[in-house]
*Asks:* 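Handing you a structure now.
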Amino acid sequence: MDVAGTGARLGRWVRHGVRGVLAGLAAVGLAFTNIPLLAVSVVAFALAPVPYLGLALVPWTMTLVRMRADLERRRASRTGVLVTRPYHPPPQPAVAGGWQRFRWTVTDPATWRDLAWLLPGAIVGFTLGMVGVLVPLYGLAGLTLTPLWIWLGTGWYGYGATWSIDTVPAGLLCLPQGAVILAAGLWVAPWLRRVDARFARLFLAPTEAAELRLRVTQLTTTRADTVDAQAAELRRIERDLHDGVQARLVSLSIMIGLTDELIDRNPAEAHKLLAEARESSGAALVELRYLVRGIHPPVLAERGLGGAVRALALSLPVPITVDIDLPGRPDTPVESAVYFAVAEALTNMIRHSRAHTGSVSVRHADSALTVVVTDDGTGGADPVAGTGLRGIERRLAAFDGTMVLFSPPGGPTVITMEVPCALFSPRTMPSSGTD
């Protein structure tokens, strides 16, 4: 029996449950912000006919509502429920107020869906959050506090619906009952959080019309990004070939020519040049292999995405927990794009987050490949501040993929990547063409 493995799985299960309880507690607190936002929004729309005041108040109020909705979308993404932003692009040129911004706000269907979510979202979030918090606390009370209260002589205490407690033996009987309820509470808390996230997705996710509009906008943007990225990649390959392998091959050709001239007159010098040519050919082969590895790593072709991500995690100086559940392999271009996206995310973690540990989870469900990269670093990651995260977005966008970032100051950082794709058996998938 693998005691260490069982203990590690139990520890992960407990941590997962505790995070679910804390998320439920956060949901209870955030539910109280929805009602004031709804009240302020009603007042703002009531004052909309007032000249100047309505034009400024409605967009400002809806900015607060959208911030709250975006927070809920990020919280949903941490449970694996991806909720993309459905809003129309802002007017160009962007202005702080005025008729254009007012019209942009009120004519966006997502505005009214956000408002429609505030009240039911508060009710559902509060209810599920309270259940997720009170059940484990109820079990914890029976597990720890009941015997203590009896020993302190505080009198009769009723726990559960099975028996009343007024003696020490009756209190001790609560220990197994409390343990069962505590375990059930830790198990159900993450599940309740996912239910809350799926309910929020009903209101906060794009409608079919919005998804079509966003897809057209995304395709227009990503087409240009993909063309630019491919052109840059071709220039990099051309530069590497010209400055590296080509230069060595030219040198090798010169050495062979000199050897041909010296082989009869000076055999010793010719043998020396042949040895140098052999070394130069070996170096050229190594550079060529590194160049091919940058295009499509051999470990990816040999082991698939799961094995390549595990090998990548082992090469990093920070402990990375890898959880892979893939019954097959995606197409080679998708597999390569996801691998390099994970590599870029882990590289950013090592360079910028000052994290002590990280994790990578890869799943395939509902015809989509979902990858979640997390770390316990300082957080504060921003796609606008650097090219790494924007590069991930562009790489995934070429395959209709998306990236959702949750990185508050102080951490943790959670990057959720999703790419629609099908999986193939290793025996039937197309060859990558890599030796």
Side-chain angles (χ1 to χ4, degrees), residues 77 80-82 84 211-212 214-237 240 288-315 320 322-347 360-373 388-405 415-435:
S77 68
V81 180
L82 188 62
T84 56
E211 285 182 345
L212 181 59
L214 291 173
R215 178 167 174 77
V216 171
T217 304
Q218 181 188 28
L219 288 176
T220 303
T221 303
T222 57
R223 177 183 295 175
D225 289 342
T226 302
V227 171
D228 292 343
Q230 289 178 344
E233 185 69 10
L234 288 175
R235 287 193 297 270
R236 181 189 68 81
I237 295 173
D240 291 344
L288 189 59
R289 285 174 176 169
Y290 276 115
L291 181 62
V292 172
R293 186 175 292 113
I295 300 172
H296 190 81
V299 66
L300 188 60
E302 296 169 0
R303 303 183 188 178
L305 182 60
V309 170
R310 289 189 179 94
L312 178 65
L314 290 174
S315 67
I320 304 294
V322 179
D323 184 14
I324 309 289
D325 185 13
L326 292 178
R329 295 180 61 175
D331 284 332
T332 299
V334 174
E335 193 174 54
S336 179
V338 173
Y339 170 78
F340 282 113
V342 173
E344 181 66 31
L346 292 176
T347 300
V360 179
S361 173
V362 183
R363 293 283 187 276
H364 186 272
D366 299 328
S367 300
L369 184 67
T370 303
V371 181
V372 181
V373 181
L389 294 174
R390 287 287 299 136
I392 294 176
E393 289 180 334
R394 288 194 298 268
R395 189 184 296 273
L396 298 179
F399 302 94
D400 294 337
T402 58
M403 184 196 78
V404 177
L405 174 67
I415 301 175
T416 303
M417 297 172 275
E418 187 174 273
V419 181
C421 66
L423 295 186
F424 300 93
S425 169
R427 294 183 179 180
T428 60
M429 75 171 297
S431 172
S432 64
T434 303
D435 294 331

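Note that this is a predicted model, so its numbers are computed, not measured.
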*Asks:* Can you name the closest pair of heavy atoms from Gly328 and Leu423 and give their distance?
*Replies:*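 Shortest heavy-atom contact: N-CD1, 3.8 Å.
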
*Asks:* Using every non-hydrogen atom in the two residues, find where Cys421 and His364 come nearest and quote the distance to one decimal.
*Replies:*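 Of all heavy-atom pairs spanning Cys421 and His364, the closest is O-NE2, 2.9 Å.
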
*Asks:* Quick one, Glu335 and Leu300 - any side-chain contact, counting heavy atoms below 4.5 Å?
*Replies:*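 Yes; the side chains approach each other to less than 4.5 Å.
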
*Asks:* For Ala341 versus Met417, what's the shortest heavy-atom pair and its separation?
*Replies:*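 In this case the closest contact between Ala341 and Met417 is CB-SD, 3.8 Å.
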
*Asks:* I need the minimum non-hydrogen distance between Phe424 and Pro330, along with the two atoms involved.
*Replies:*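 In this case the closest contact between Phe424 and Pro330 is CD1-C, 4.4 Å.
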
*Asks:* Working to the nearest 0.5 Å, report the span between OG of Ser77 and CE of Met403.
*Replies:* 11.0 Å

*Asks:* Using the rule side chain to side chain contact (heavy atoms under 4.5 Å, CB included), only one of Ile415, Val360, Val309 pairs with Leu346; which is it?
*Replies:* Val360

*Asks:* What are the two closest heavy atoms between Arg395 and Ala337, and how far apart are they?
*Replies:* CD-O, 3.2 Å

*Asks:* By side-chain hydrogen bond (donor to acceptor under 3.5 Å, both in side chains), which residues pair with Arg363, not counting sequence neighbours?
*Replies:* Asp323

*Asks:* Is the number of heavy atoms from other residues, nucleotides or ligands under 6.0 Å of Arg310 CZ greater than 12?
*Replies:* yes

*Asks:* Can you spot which of Val404, Thr416, Val362 makes a side chain to side chain contact (heavy atoms under 4.5 Å, CB included) with Val372?
*Replies:* Thr416

*Asks:* Hey, what do you get for CG (Leu405) to CD1 (Ile392), rounding to the nearest 0.5 Å?
*Replies:*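 Interatomic distance, Leu405 CG to Ile392 CD1, rounded to 0.5 Å: 9.0 Å.
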
*Asks:* Between Leu326 and Leu369, does the side-chain contact (heavy atoms from CB on, under 4.5 Å) criterion hold? Intermediate values first, please.
*Replies:* CA-CA 9 Å; Leu326 292 178; Leu369 184 67; 3.4 Å; yes

*Asks:* Only counting residues at least two apart or in another chain, list the ones meeting side chain to side chain contact (heavy atoms under 4.5 Å, CB included) with Ala343.
*Replies:* Leu312

*Asks:* State, with a plain yes or no, whether a side-chain heavy atom of Ile324 is found less than 4.5 Å away from one of Leu305.
*Replies:*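 Side-chain contact under 4.5 Å: no.
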
